[in-house]
Amino acid sequence: MNQSNLAIQQFSQLSDDECQTRIEAAKAQLGERLLILGHHYQREEVFRHADMAGDSLKLSRAAAASKAEYIVFCGVHFMAEVADILTRPDQIAILPDLAAGCAMADMANLAKVERAWRELSAVINPDESVTPVTYINSAADLKSFCGEHGGIVCTSTNARHVLEWAFERREKVLFFPDQHLGRNTGFKMDIPLEQMVVWDFDQPQGGLTVEQIKNARMILWKGFCSVHQMFKPDHIDAFRAKYPDGKVISHPEASFEVCQKSDFVGSTEYIIRTINESADGTRWLVGTELNLVKRLAEQNRARGTHAHFMSPTICMCSTMFRVDPQHLLWVLESLVAGKVVNQVKVPEQVAQQARLALQRMLDLNI
Ligand code: CIZ
Ligand code: SF4
């Protein structure tokens, strides 16, 4: 067993309360050398220590602008990769638990995307007619693939603008890994459902006919977020029956049917803004990750505004949840002791093209 394993075992015995005081002390000692970024889906005991909270877009901009020596990303792996790619080589990106991945991001990998590109080449010339667009929830080598093939990264905040950019360049888009964000955004841009086909990466030629590929405007990777797939149209019907004046807001990672039944659809930043700015006393049904919905409910309770979680079963992002106060304390006290643990470092040959794809997105200024 290596030293860092031993260390985290000692920390995992600590109570949350003890961690809170020690995290504050370590933060104070590290001062401006440290920047803690907290994604909206983080649990409260971790979230409260973030110097800045946001979605992945806002936090990646904050990482890029930061001068801090250490950027501790309370989020999931691809976010820490983005922070590493966008910062100077001497800045260090840290993920408190390296096992905090994203199940949806894992549904696409470079080998499968390269195979899709090869198989598309048998039907069309993808380098002339397809812009690859990856959701930011993806590994760095997929962002690099997009950089190399004239493609771009998007987030749920800027997906529409990114798709407009993509269609200005080539007639089709290969969108991965989330089919729902792709479909929900494409539909809002008036692309008919039959021109958005699903690429099943376990089937030869994505399970599609030559005709389907030729007629498609969007080729959607068959990936999804299991948290957002839990939300069902029935949940919305039940809420509306009980609260006819209530409002429904969903994240575009939710299914097409759920988004179609919702009054509002948008990213976490959009959901937060819409609920916080709504009239006192509004009752909301919210289709996104539980920790964020709980926080919104808490923040708005005093003014009589309610935020209900869309699913009747408790479901949260189990990988986001891996970042706990014990891991946060472990990485911070290690830094105080002069030891970096859980650094996320993207190899430079991957980072270069990934940076290009990210920069194309950041240059849109959305
Ligand atoms: O982009 C992000 O931060 C995610 C994963 C969700 C959202 O809509 O903000
Ligand atoms: Fe990934 Fe879904 Fe978790 Fe977001 S909520 S990090 S998409 S698994």
Side-chain angles (χ1 to χ4, degrees), residues 37-43 46-47 50 52-63 73-83 86 95-109 133-139 142-143 152-162 175-182 184-185 221-231 249-255 258-259 262 264-275 286-296 309-311 314-323 358 361-362 366:
L37 300 176
H39 191 270
H40 294 307
Y41 293 164
Q42 287 290 299
R43 54 164 94 182
V46 165
F47 189 81
M52 178 180 275
D55 66 350
S56 54
L57 178 62
K58 184 168 159 195
L59 296 178
S60 48
R61 285 190 195 281
F73 214 124
C74 297
V76 288
H77 196 266
F78 72 82
M79 298 178 185
E81 281 187 334
V82 171
L86 294 178
L95 182 65
D97 186 343
L98 289 177
C102 163
M104 175 219 279
D106 294 342
M107 289 177 189
N109 64 38
V133 178
T134 187
Y135 190 18
I136 197 161
N137 296 38
S138 58
L142 291 185
K143 296 185 176 83
I152 187 166
V153 178
C154 77
T155 72
S156 39
T157 294
N158 60 25
R160 183 177 178 139
H161 291 90
V162 167
F175 190 92
F176 45 88
D178 186 27
Q179 59 172 300
H180 300 297
L181 177 64
N184 287 322
T185 314
W221 199 258
K222 202 183 173 185
F224 58 88
C225 166
S226 45
V227 178
H228 288 84
Q229 272 212 171
M230 294 281 289
F231 307 129
I249 189 163
S250 300
H251 192 278
E253 286 173 23
S255 71
V258 164
C259 289
S262 300
F264 305 90
V265 177
S267 66
T268 55
E269 288 287 330
Y270 172 83
I271 292 174
I272 294 166
R273 200 173 52 243
T274 308
I275 295 183
V286 191
T288 195
E289 210 274 341
L290 181 62
N291 280 295
L292 173 55
V293 182
K294 282 203 308 208
R295 193 172 308 123
L296 283 168
F309 185 56
M310 193 176 284
S311 167
I314 304 291
C315 64
M316 47 191 140
C317 177
S318 56
T319 49
M320 283 276 180
F321 198 70
R322 293 195 75 106
V323 178
L358 280 162
M361 169 186 81
L362 294 173
I366 305 297

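Heads up: numbering here begins at 1 and tracks the sequence. First listed ligand is number 1; within each ligand, the first listed atom is number 1.
- Here's the thing with Glu253: none of its N/O atoms is less than 3.5 angstrom from an N/O atom of ligand 1.
- Between the side chain of Arg295 and the backbone N or O of Gln42 there is at least one donor-acceptor pair closer than 3.5 Å.
- Among all protein heavy atoms, the one lying closest to atom 1 (O) of ligand 1 is Ser56 OG, 2.6 Å.
- An N or O contact shorter than 3.5 Å is missing between Asn137 and ligand 1 by distance.
- Thr319 approaches Ala99 most closely through the heavy-atom pair CG2-O, 4.5 Å.
- Considering only heavy atoms from C-beta on, Asn158 comes within 4.5 Å of Met361 through its side chain.
- Evaluated by nearest non-hydrogen atom to atom 4 (C) of ligand 1, the leading choice among Lys58, His39, His40, Met320 is His39.
- Counting only N and O atoms by type, the side chains of Ser156 and Asp55 include no donor and acceptor under 3.5 Å apart.
- Ligand-side atoms of ligand 2 in range of Met104: 7 (S), range being under 4.0 angstrom from any heavy atom.
- Here is the list of ligand 1 atoms found below 4.0 Å of a heavy atom in Ser267: 8 (O).
- Looking from atom 1 (Fe) of ligand 2 to the surrounding protein, the closest heavy atom is Cys102 SG, 2.3 Å.
- A donor atom on one side chain and an acceptor atom on the other are found under 3.5 Å apart for Gln229 and His180.
- Here the heavy atom of the protein found nearest to atom 2 (Fe) of ligand 2 is Cys225 SG, 2.3 Å.
- Remark: distances from the non-hydrogen atoms of Glu289 to ligand 2 are all 4.0 Å or more.
- Against a heavy-atom cut-off of under 4.0 Å, Cys317 is close to the following atoms of ligand 2: 3 (Fe), 5 (S), 6 (S), 8 (S).
- Around atom 9 (O) of ligand 1, the closest heavy atom drawn from Thr268, Thr155, Ile136, Asn158 belongs to Thr268.
- Shown are His251, Glu253, His228; of these, the side chain to side chain donor-acceptor pair (under 3.5 Å) with Thr288 is made only by His228.
- A donor-acceptor pair is defined here as one N or O able to donate and one able to accept, closer than 3.5 Å; no such pair exists between the side chain of Lys143 and the backbone of Thr134.
- Counting only distance, with no hydrogens or angles, the side chain of Asn184 and the backbone of Ala254 share a donor-acceptor pair below 3.5 Å.
- With Trp221 contributing its side chain and Gly182 its backbone, the two residues share no donor-acceptor pair below 3.5 Å.
- The protein atom (non-hydrogen) at minimum distance from atom 7 (S) of ligand 2 is Asn137 ND2, 3.2 Å.
- Annotation: atom 6 (C) of ligand 1 to nearest protein heavy atom, His251 NE2, 3.4 Å.
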